[in-house]
Chemist: 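What follows is a single structure, and I will ask about it in a moment.
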Amino acid sequence: MEDIVSVGDIIRIGDSGGLVEQMTLRTIRLRDFDGTVHVFPYSEAQVLHNLTKSFSYYVFDLQVSYRSDLDAALAIMKRVGARLKSDPDFADKILEPIEVVGVDSLADSGVVLKARIKTRPLQQWNVGREYNRRIKLAFDEAGVEIPFPHLQVVLPERQVAELARAPATAS
């Protein structure tokens, strides 16, 4: 009625989300990614999140190591986005150039860089997957390290001393 949701949109209601398959006067039916059908009476769907109305964004939170050259990483992100937009297979899916926002946060394992690409409705995931593939290859080529969590074990001094006194065992 208010043109908020239509059949074919991807929406989220509470903790469930999916493709709107059917709308009746009383219910809205969603099918999620794994095929589960969710039926909501409109009285329970008090807040609807439409992920595909008019346009969509794919938002990137890319983490690079603290040793990485941040300016180089941000430039690579822009370059990969521009190349993706000029690719004939993706040009009609991307509505605007990539928006590289910059350093979003300093995380435990690395620096989080944020960007987004505005796409046609329902295209954000295809564009995002291809961008992720290309940025990984570009970061690898340029030596920009994508970090992984590290765990450091610190033993109390007493245990370190006991380990130092223990005889070495053969492997």
Side-chain angles (χ1 to χ4, degrees), residues 3-23 28-38 40 47-153:
D3 194 33
I4 295 170
V5 176
S6 302
V7 170
D9 285 345
I10 303 288
I11 69 167
R12 198 172 63 241
I13 301 173
D15 293 334
S16 299
L19 177 73
V20 177
E21 286 191 337
Q22 183 181 31
M23 298 171 62
I28 186 166
R29 186 169 81 184
L30 306 179
R31 184 173 303 270
D32 68 18
F33 187 72
D34 68 7
T36 304
V37 174
H38 305 271
F40 294 92
V47 179
L48 299 171
H49 305 271
N50 192 331
L51 306 177
T52 56
K53 188 69 174 173
S54 303
F55 65 87
S56 298
Y57 280 109
Y58 192 91
V59 177
F60 302 91
D61 289 315
L62 301 174
Q63 214 176 106
V64 298
S65 76
Y66 280 100
R67 292 186 297 264
S68 295
D69 179 340
L70 296 181
D71 293 332
L74 293 167
I76 292 167
M77 290 172 67
K78 289 178 186 175
R79 188 169 56 249
V80 168
R83 288 181 181 159
L84 184 61
K85 185 168 178 13
S86 66
D87 184 322
D89 292 335
F90 291 91
D92 65 331
K93 297 175 173 106
I94 299 173
L95 299 176
E96 294 179 2
I98 188 170
E99 182 183 351
V100 177
V101 182
V103 175
D104 193 54
S105 65
L106 304 175
D108 291 340
S109 297
V111 180
V112 179
L113 308 179
K114 187 178 243 10
R116 67 182 184 176
I117 297 178
K118 187 175 185 179
T119 70
R120 295 197 182 284
L122 299 171
Q123 295 303 312
Q124 68 267 37
W125 298 290
N126 290 330
V127 169
R129 285 184 199 100
E130 181 61 17
Y131 183 88
N132 283 330
R133 186 185 75 78
R134 291 179 185 208
I135 198 68
K136 168 69 169 91
L137 295 172
F139 278 177
D140 286 352
E141 185 178 312
V144 175
E145 182 183 349
I146 298 172
F148 54 91
H150 297 276
L151 177 65
Q152 182 177 9
V153 177

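None of these values were measured; they are calculated from a predicted model.
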Chemist: Could you name each residue pair satisfying side-chain hydrogen bond (donor to acceptor under 3.5 Å, both in side chains) that touches residues 84-95, not counting sequence neighbours?
Modeler: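 Found Asp87-Arg134.
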
Chemist: Considering non-hydrogen atoms only, spot the tightest contact between Val20 and Ser6 and give its length.
Modeler: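 Closest approach of Val20 to Ser6, heavy atoms only: CB-O, 3.6 Å.
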
Chemist: With rounding to the nearest 0.5 angstrom, report the CD to NZ distance, Gln63 to Lys114.
Modeler: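 It is 12.0 Å, given to the nearest 0.5 Å.
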
Chemist: So, does Glu96 use its side chain to make a donor-acceptor pair with the main chain of Lys118 at under 3.5 Å?
Modeler: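 No, the answer is negative, given that no donor and acceptor are paired below the 3.5 Å cut-off.
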
Chemist: So, for Ser65 and Pro147, which heavy atoms are closest and what is the spacing to 0.1 Å?
Modeler: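 Where Ser65 meets Pro147 most closely, the heavy atoms are N-CD, 3.5 Å.
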
Chemist: Measure the CD-CG distance between Gln124 and Leu51 for me, rounded to the nearest 0.5 Å.
Modeler: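 Nearest 0.5 Å value for the CD-CG distance: 7.0 Å.
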
Chemist: Nearest heavy-atom pair of Asn50 and Lys53: which atoms, and what distance?
Modeler: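 Closest pair (atom of Asn50, atom of Lys53, distance): OD1-N, 3.2 Å.
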
Chemist: So if I apply the side chain to side chain contact (heavy atoms under 4.5 Å, CB included) rule between Ile10 and each of Thr52, Asp32, Leu30, which one comes out positive?
Modeler: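 Of Thr52, Asp32, Leu30, side chain to side chain contact (heavy atoms under 4.5 Å, CB included) with Ile10 is met by Thr52 alone.
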
Chemist: Could you go through Arg79 and Ile76, starting from their C-alpha distance and side-chain angles, then the distance that decides it, and tell me whether this counts as side chain to side chain contact (heavy atoms under 4.5 Å, CB included)?
Modeler: CA-CA 5 Å; Arg79 188 169 56 249; Ile76 292 167; 3.2 Å; yes

Chemist: Looking at side-chain heavy atoms only, is the closest gap between Val101 and Arg116 below 4.5 Å?
Modeler: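 No, their side chains stay 4.5 Å or more apart.
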
Chemist: In Å and rounded to the nearest 0.5 Å, what is the CG to OH distance from Asp108 to Tyr66?
Modeler: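 The distance works out to 7.5 Å.
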
Chemist: Looking only at heavy atoms, which two atoms of Pro121 and Ser56 are closest? And how far apart?
Modeler: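 Shortest heavy-atom contact: CA-OG, 3.7 Å.
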
Chemist: Sequence neighbours excluded, which residues qualify as ring pair (Phe, Tyr, Trp, His ring centres under 6.0 Å) partners of Phe60?
Modeler: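 Partners of Phe60 under the ring pair (Phe, Tyr, Trp, His ring centres under 6.0 Å) test: Tyr58, Tyr131.
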
Chemist: Side chains of Leu113 and Leu74: does their closest heavy-atom pair fall under 4.5 Å?
Modeler: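 Touching, per the 4.5 Å side-chain cut-off.
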
Chemist: For residues Thr119 and Leu95, report the shortest heavy-atom separation together with the two atoms involved.
Modeler: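 Taking Thr119 first and Leu95 second, the nearest heavy atoms are O-CD1, 3.3 Å.
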
Chemist: Going by heavy atoms in the side chains, are Ile11 and Ile28 under 4.5 Å from each other?
Modeler: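 Ile11 vs Ile28: side chains touch.
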
Chemist: In the structure I gave you, are the side-chain heavy atoms of Asp9 and Ile4 within less than 4.5 Å of one another anywhere?
Modeler: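 No, too far: nothing below the 4.5 Å cut-off.
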
Chemist: Looking at Asp34, I'd like to know if its CG atom is crowded, meaning that more than 12 non-hydrogen atoms belonging to other residues, nucleotides or ligands lie closer than 6.0 Å.
Modeler: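 Counting neighbours around CG of Asp34, more than 12 heavy atoms of other residues, nucleotides or ligands fall under 6.0 Å, so yes.
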
Chemist: Taking the side chain from Ser68 and the backbone from Val144, do they hold a donor-acceptor pair closer than 3.5 Å?
Modeler: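 Flag not set: sc Ser68 to bb Val144 has no pair under 3.5 Å.
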
Chemist: If the condition is side chain to side chain donor-acceptor pair (under 3.5 Å), which residues does Arg120 pass it with, not counting sequence neighbours?
Modeler: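 Counting only residues at least two positions away or on another chain, Arg120 forms no side chain to side chain donor-acceptor pair (under 3.5 Å).
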
